[in-house]
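Contents: one structure, followed by commentary.
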Amino acid sequence: MNGHVKRMSFQQFMELTTTLLSLLLVMAVDSTRTVAASSSQECGNSLQQTLKLTRLAQKESVLLIKTYKAAQGEMSELFCKVSVNNVPDPNISGLEPSERIASIYTHLQSFMAHFKRVYEQQTDLQLPTSPLLGELTVVSARSRGLANLINSFYQSLFPNLPMPEPAGGPTMLPPPQNVFQQKVYGCAVLKNYKEFLSNVSRELRTLKGKVCRRRIESNTFLLRMT
Amino acid sequence: MPQLSVSPSSKSNCCPLWLIWVLLGLSAVHTHAKDVLSVPQQVSLSPNRFARQLSISWLGGAATTFDLMILRTELNESAFYETLSVNPVSGQHLWNWTSAEPLECTSLSIKVRSRDGLMTSEWSNTQILQGNDLPSNDKFQVYPLDTIVPVGANTTFCCIVEEGKVFGDLLYSGAVMNTTRLSRRTYASTMVNQGPSVSSGTNVICYDSLRAIAGAVVFVGYPPLLSDFVCETHDLTSAVCHWTEARDTHIYGKRGVRYSLNKRDCPRGKQQQKHKVCTVDHWEGNWTLVAVNFLGQYSLNDSAEILNRVHPVAPTKVSSVVDAWNATVLWQWKYRSYSSLGLVCQVELTCHGSKTNLTVSGVGLQSVVLSDLYPDEDYSVQVRCGAQLNFWKWGNWSEAFTFKTNTYVPEAPDVWIWMNGDNTGQIVWKPLTRRQSHGQITGYEFTLWSAEENVQHTQIFSPGATAAPINFTQIAAFSSDKIIATIMAKNVKGSSQPASVVVPLRLTEPLALSRAVYTESGFPLTWQSDANATGGYVVEWIDAVCTRDCSVEWIKVAAGHTNVSVVSANFQPGVRYIFSLYGCSSEGRELLQRQQGYVQELVPSSSVLLSTSQQNSDVLLSWGEIPLLNRRGFLLGYNVYNSTGSELKLLVNLPDKENRSYTVKGLSEGSHKFTVKAYTSAGEDTGATGSITLELYADWLILEILTSLGITTLFLVIVTFICYKKRKWVKKAFYPDIPEPKLPGDWSRRQGPLDVKPSSHSIMHIVEKPDWDSSKEALVVIPEEDEEEEGQGIGDEPVDTDEPTSLRYYNQVVDERPIRPRYPDSSDSSASSLDSARTDVTYTGIQTSGSSLVFQLDSQGSAEGHQPHTDMSVSGGGGGGGGGDYRPQMQARAPNDDIDLVSSEPFIEAASGGGYKPQSSWHLDSPVEGEENGGRAPSLGSPTSVASTQFLLPDGEEHTEERRQPSSSATTWFTNLLSSTKP
């Protein structure tokens, strides 16, 4: 009798435990789904914000090129077509999203260094009241802000992957140039930057459907594993 | 030269020896010459590519003259070849050559030789200055790079095309230049008279055939030019030097102008500012400013004692200590050295935009007392100072400092009294201005009091009040004859002095109004001095429209003055103002003068109220007076216009404004419009228009008609009376008795059968008229039935009867009835007369021919549509022309208008019957007519069987029968009238 009672009690205890565990499992799954959904939303928001800033920077770069050409004197349209070495490549490199995002970041860093050089060169050629200097400052600051956003986005997507250093080491700036070379160089930097931003926009749109969705899928996968 | 010695003993060998000697001599000379003009050695080149200069040095021995040749290496073209005189320095000869083209354009070959007169040495070894067009340097290049040239300079640019490429164009600031070839790859062009470039320089671009480009930038500008260089001190220690760039150099940045003051570099300021500043820590007394750029330099000097160049800084930390009527403004100096400096300071005091300047001076001045301020007023103050001794210039203004003075008791209000005409009035006072109130007004204390009784009534009014109503009921509480009203303004600081006015206990009689004329300075009012006006005068004015509790304005004039010009911001054009001048004394006021006037007269704002009325054939225009408010000027009169048409036509100008009616005469019937416009000196108003429709004046017409009718009636009465009185004469004259028919001759001469078969008892009365006048119609047809009705009473008898018909002749027609259609009756009677045995025939006149009667009947009958009967009658008559048949029916029809033949049978029957024709004997009386009328003539004069009321007229009057018919009717009526008068 007692044994039967004990058995019955144990059986009831096991049932109760199973029920509680099931309930806990359901709650855990549900909360994980919520986290996954919120992570996906966060990814999209971050990407959308980066995309908006990229578009803004792109518009500003278009205006800056116009101002730049106007400030370089006659025939600036001609020498702005000249291709120049030692100017960052507008193309984004890498195969994996992490690599491509890192490439965007390193490109922005590189462009910022070139902006600084162009600003210095143009300070010697323009009057202090020239709008070119102001716009250069704005675009340079925008580039810095965009780089920060990209970095944050990268960190949020790949928290365990440190941002790789530029492959070629520190940014290589051109050697001392004559004034004509400076003019050509500055124009090439701005043109490449504009094209680079266009590529970034395209890349971010691609990433939006690729990275954020993958993140959801990976979260779901993790849940299944759990 | 021992070999040159020659032996004289050997004569035979003399000539060859001499020749040898000469040759040896010449050889020696030549050898010597070669020793003097040595070839320049160690030729070296030192290029300054920025300046396009090439320094050539060599060792040339003792020679001082050299030939220098510079060739463009590739094309072996001479770039320079000259003979130079160069003095050696330490045995080294040096020559600087400035190339027209940049030294990089192409390689140059340089060689030197010594010259002595015409003798020259050998050329030195050729030294080559390598250009950048060497095959080893295959880049596409343009030179010079980043060069700086003055405005107006000529600069040669060269383009070195890439190895293996073909030259295209060389452009300067977008313009293609003409080029010359310097080498295999180098092309050059010179730009002359260059203009100033922009801040980034002027671009020079070279194309190759594949449109690849290379370029350079040239900066074209001016050397520095300065002005207004002066140094001064702020702190009595250091120097601050200022100058102005008199010309823009067009070269900026690191290529811009550099300044140095007493050989110490000045920091670069803002490049675009023309006004430059450079500071030196210590006052040196003498300063030299040097401005340098790549194109030149410019220097200026200045020298001065420090105390002559003191430019104080702006005072700082300005503060104030204020009172109601004054304030003390304090400030501090940035430098302690000012404490011993004699200063002169300007204080600018601003109050409500009004500025007042005050100048004070003193050593180390740090405060100023501002007096004559107003209480409770906001002020703003700024201070600047300069050196009192050897004043150089004012320092900068301090920051504006604001303060507010303290409050104070208000000023006494300006009080006056306005009395209505009904023993009421109000004490009015002008609201205190900000300057008068000395603080926020908290209220007004109004008091009525009697000095004699020392009784007073006090009342408090709010700050916004400007009037206190009074009435004599209130004043009646005082038994004194002199009541004084006082008003006191109050603020936080206390009450003002009381302002008083004596209340007039009796209303003053208004004086006549004279005209006041407004001028630019207002309404000038003048008056005779009044000895009683010990308290001065008051001129008050109101809007003339106002009658009660008016918004009165006034101005007080001190005693002794006899004129004032009244000006008010409230004056408005078109408003009539009444000015009253009062003389004031301690006993009250006395009205001295009244005037009225306008600031500007306008046209009346409303029109008169016009009414129109017809008076006989005239129109009376009357209108009312324009209200005073709407006159807006002194009315000068009225203009009356006829506005019936499209334009106003002035009828009359009525200069008398009291005349407000006008009668327009001579108007025709119909609609008329009139416009009346009142006018002032400014013009007419819009006008009031009234319209009226003139109708025919009927009274006179009716009177005329009645008069005419009366006269006619009277005339008829008189005629009637005369006719009545003379009726016998009339009867005799117009209606003589028809004479008894005469029967001359033989009755047996009958022309036709007499078929009349009257009964044996037929009666015929024939009245003979001896003097028959054809113009007098005496025969009137009396309808038979009338006769029967009146005389015989046989109307009901059958027509066709065997009883003989009585034929009677009446000399007078007795029928009193008016003529009326009775044809049927006569027809009937006539018809009946044919068959009756008793036929009454009355001849009251001479019967015209039957045809005439028939014709008349015919005409009537055609109108009535009885042509067939008529035709039958005519044919009957015609057919019986030879017969002379008796046809009384036809006679009976003639005078009737309404012809309605009962039947044609009686005529036919009568015609066929022929019958009695007693007229046949009359044929002789009018033979012509008888012929003309044919067979109808015999019917004339037949005294029988014809009932006719017409005269029997000759045939000659047949055609006038129709015209005579009305007169015949009138005659018939008249005959009846006369007949009725028969006894």
- Take atom CE in A:Met172; do more than 12 heavy atoms of anything else shown fall under 6.0 Å from it? no
- Query: Quick one: are A:Leu78 and B:Tyr207 in side-chain contact, heavy atoms under 4.5 Å?
  - Reply: yes
- Message: Given heavy-atom pairs under 4.5 angstrom as the criterion, report whether the side chain, backbone, both or neither of B:Ala212 touches chain A.
- Response: neither
- Are the side chain of A:Asn178 and the backbone N or O of B:Asp146 linked by a donor-acceptor pair below 3.5 Å? no
- Item | Side chain proximity check, A:Phe180 to B:Leu145, heavy atoms < 4.5 angstrom | no
- Message: Would you compute the distance between atom OG of B:Ser197 and atom CD of A:Glu74 and round it to the nearest 0.5 angstrom?
- Response: 12.0 Å
- Greater than 12 external heavy atoms within 6.0 Å of A:Lys194's NZ: no
- Query: Backbone N or O of A:Leu125 within a donor-acceptor pair of the B:Ser200 side chain at under 3.5 Å?
  - Reply: no
- Message: For B:Lys254, is there any backbone N or O sitting under 3.5 Å from a side-chain donor or acceptor partner on A:Asp124?
- Response: yes
- Query: Relative to chain A, which of B:Val198, B:Val217, B:Val204 shows the most heavy atom pairs under 4.5 Å?
  - Reply: B:Val217
- Message: Give me the atom names and distance for the closest heavy-atom approach of A:Phe79 to B:Ile205.
- Response: CD2-CD1, 3.8 Å
- Query: Non-hydrogen atoms of chain B under 4.5 Å away: do they reach the side chain of A:Lys183, the backbone, both or neither?
  - Reply: side chain
- Item | Heavy atoms from other residues, nucleotides or ligands near CD of A:Glu99 exceed 12 (cutoff 6.0 Å) | yes
- Would you say B:Leu210 has more than 12 foreign heavy atoms packed within less than 6.0 Å of its CG? yes
- Note on the structure: Under 4.5 Å to a heavy atom of chain B? For A:Val179 that would be both
- Message: Quick check against the 3.5 Å criterion: does B:Asn203 have a side-chain atom that pairs as donor or acceptor with the backbone of A:Ser76?
- Response: no
- Task: Side-chain contact test, heavy atoms from C-beta onward, threshold under 4.5 Å: evaluate it for B:Leu171 versus A:Met75 and give yes or no.
- Result: yes
